[in-house]
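Predicted model, so just to flag it, every value in this text is computed and none were measured.
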Amino acid sequence: MIDEALDLFLGSSCVGCSRPGRMLCARCRGELPSRAEQAWPTPTPEGLVTPWATASYDGAVRELVVGHKDRGQWSHRRALGGLLAAAVGAAAADLDPAVPLLLVPAPSRRGAGRRRGYEPTAAIVGAAARLLRTGRPVGVADLLLSRGPVEDQAGLGAQQRGDNVRGSMHCPSPALARVRRRWPVAHLLVCDDVLTTGATAREAQRALEAVGLAPVAIAAVAATRRRVGLGPGPLRG
Ligand SMILES: [Zn+2]
């Protein structure tokens with residue numbers, strides 16, 4: 001509520017239709033997709049577990065993601081959390097509902113939020129978990145850390161993105177011990193905002209597998225549409 005009051009106070013407009021008022025008006029919010037689909041990147045990183053995404057990364061969804069990550073529009077975490085919750089729900093549809101879901105955020109690399117002590121991806125994952133908890137036990141585990149700075153992925157092709165992030169994440173032992181105590185049995189899902197080449201997701205999966213954890217799927221708010229023949233677009237991931 002405070003976020004919305006601030007939005008109104010600051011004279012904002014909708015990221016979808018530019019109408020003055022809320023940063024996401026009721027109509028545009030209602031038009032956000034609610035059903036996730038498998039979103040295999042082309043080419044697919046070898047061994048990637050099934051990736052799910054709810055939206056395509058364009059239009060209002062792109063504005064929400066960028067605003068949330070880079071412009072301090074943190075109230076968008078709820079709409080983005082709803083999209084992520086749909087992806088997690090689809091990914092978990094065939095899993096035993098008695099086994100808790102454990103959502104592992106991909107570590108944020110950059111963005112205004114990160115610099116101000118706000119973890120954009122973790123905030124979206126937290127919002128998704130709150131929505132999902134009505135039906136089954138759902139936890140969030142900050143198991144992954146980035147080792148030092150990784151170059152911005154924007155403008156890199158699939159191969160370069162893979163090289164750029166490989167070996168960049170790790171799972172600190174104290175976090176792992178805490179999670180093992182609290183969630184001895186759980187289905188792990190790697191969660192991220194945007195799935196582009198799958199390089200970031202694959203690295204998160206690798207880092208978890210390196211400590212004996214096996215994620216069952218990747219869940220993302222949105223996936224880029226790869227256009228064959230046009231090369232990588234102005235995307236991040
Ligand atoms: Zn609107």
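The nearest pair of heavy atoms linking Leu32 to Ala79 is CD1-CB, 4.1 Å. Heavy-atom minimum distance, Ala128 versus Ala85: CB-N, 3.8 Å. The minimum heavy-atom distance between Ala222 and Ser56, with the atom names listed, is CB-C, 4.1 Å. Pairing each heavy atom of Cys14 with each of Cys25, the nearest pair is SG-N, 3.3 Å. Contact detail for Ala90 and Ala36: the closest heavy-atom pair is CB-CB, 3.8 Å. When all heavy atoms are compared, the tightest approach of His187 to Asp96 is NE2-N, 4.1 Å.
The side-chain heavy atoms of Leu145 and Pro172, taken from C-beta on, include a pair separated by under 4.5 Å. At least one side-chain heavy atom of Leu83 sits under 4.5 Å from a side-chain heavy atom of Pro33. Within the 4.5 Å cutoff, side-chain heavy atoms of Pro105 are placed close to those of Val140. Put simply, the side chain of Arg22 does not reach to within 4.5 Å of the side chain of Ser12, judged on heavy atoms. Contact check for Val165 versus Arg202: no side-chain heavy atoms found under the 4.5 Å cut-off. Looking at Leu189 and Ile218, their side chains never come closer than 4.5 Å, going by heavy atoms from C-beta outward. In this structure, Cys191 and Val125 have side chains that are in contact, with non-hydrogen atoms separated by less than 4.5 Å. At least one side-chain heavy atom of Thr50 sits less than 4.5 Å from a side-chain heavy atom of Trp40.
Here the NZ atom belonging to Lys69 is positioned 8.0 Å from the CD1 atom belonging to Ile124, to the nearest 0.5 angstrom. Between the CZ atom in Arg29 and the NE2 atom in His76 there is a gap of 10.5 Å [rounded to 0.5 Å]. The structure places CE of Met169 at 9.0 Å from CG of Leu208, a figure rounded to the nearest 0.5 Å. Remark: Ser13 OG to Met23 CE distance equals 8.0 Å, nearest 0.5 Å. Separating the CH2 atom in Trp183 from the CG atom in Leu213 is a distance of 14.0 Å, to the nearest 0.5 Å. Separating the CZ atom in Arg77 from the CG atom in Leu84 is a distance of 14.0 Å, to the nearest 0.5 Å.
Side-chain N or O atoms of Thr54 include one that pairs as donor or acceptor with a backbone N or O of Ala87 at under 3.5 Å. Distance alone, capped at 3.5 Å, places no donor-acceptor pair between the Arg130 side chain and the Arg78 backbone. A distance-only check finds a donor-acceptor pair linking the side chain of Arg133 to the backbone of Val138 [under 3.5 Å]. Distance alone, capped at 3.5 Å, is enough to place a donor-acceptor pair between the Gln205 side chain and the Val49 backbone. Of the possible polar contacts, none joining the Gln38 side chain to the Pro51 backbone as a donor-acceptor pair under 3.5 Å is found. Between the side chain of Thr197 and the backbone N or O of Ala199 there is at least one donor-acceptor pair closer than 3.5 Å.
For residues 165-187, the set of pairs meeting the salt bridge (charged side-chain N to carboxylate O under 4.0 Å, His left out) definition, not counting sequence neighbours, comprises Asp163-Arg166.
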**OP:** Could you give me the CA-CA distance, side-chain angles and deciding distance for Leu195 and Val221, then say whether side-chain contact (heavy atoms from CB on, under 4.5 Å) is met?
**Re:** CA-CA 8 Å; Leu195 192 74; Val221 167; over 6 Å; no
**OP:** Mind running side-chain contact (heavy atoms from CB on, under 4.5 Å) on His170 and Leu144 for me, showing each step along the way?
**Re:** CA-CA 6 Å; His170 73 288; Leu144 295 174; over 6 Å; no
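Leu131 and Leu64 are members of different hydrophobic clusters when ILVMFWY side chains are connected at heavy-atom separations under 4.5 Å. Under a hydrophobic clustering in which Ile, Leu, Val, Met, Phe, Trp and Tyr are joined whenever their side-chain heavy atoms come within less than 4.5 Å, directly or via other members, Leu48 and Trp52 fall into different clusters.
Partners of Glu63 under the side-chain hydrogen bond (donor to acceptor under 3.5 Å, both in side chains) rule, at least two apart in sequence or in another chain, do not exist in this structure.
A perpendicular orientation is assigned to the rings of His68 and Tyr118, their planes being inclined by more than 60° (bins at 30° and 60°).
A salt bridge is absent between Glu209 and Arg206; no separation between the charged side-chain nitrogens and carboxylate oxygens falls under 4.0 Å.
Among the candidates Leu101, Leu188, Leu95, the single residue satisfying the side-chain contact (heavy atoms from CB on, under 4.5 Å) test with Val216 is Leu95.
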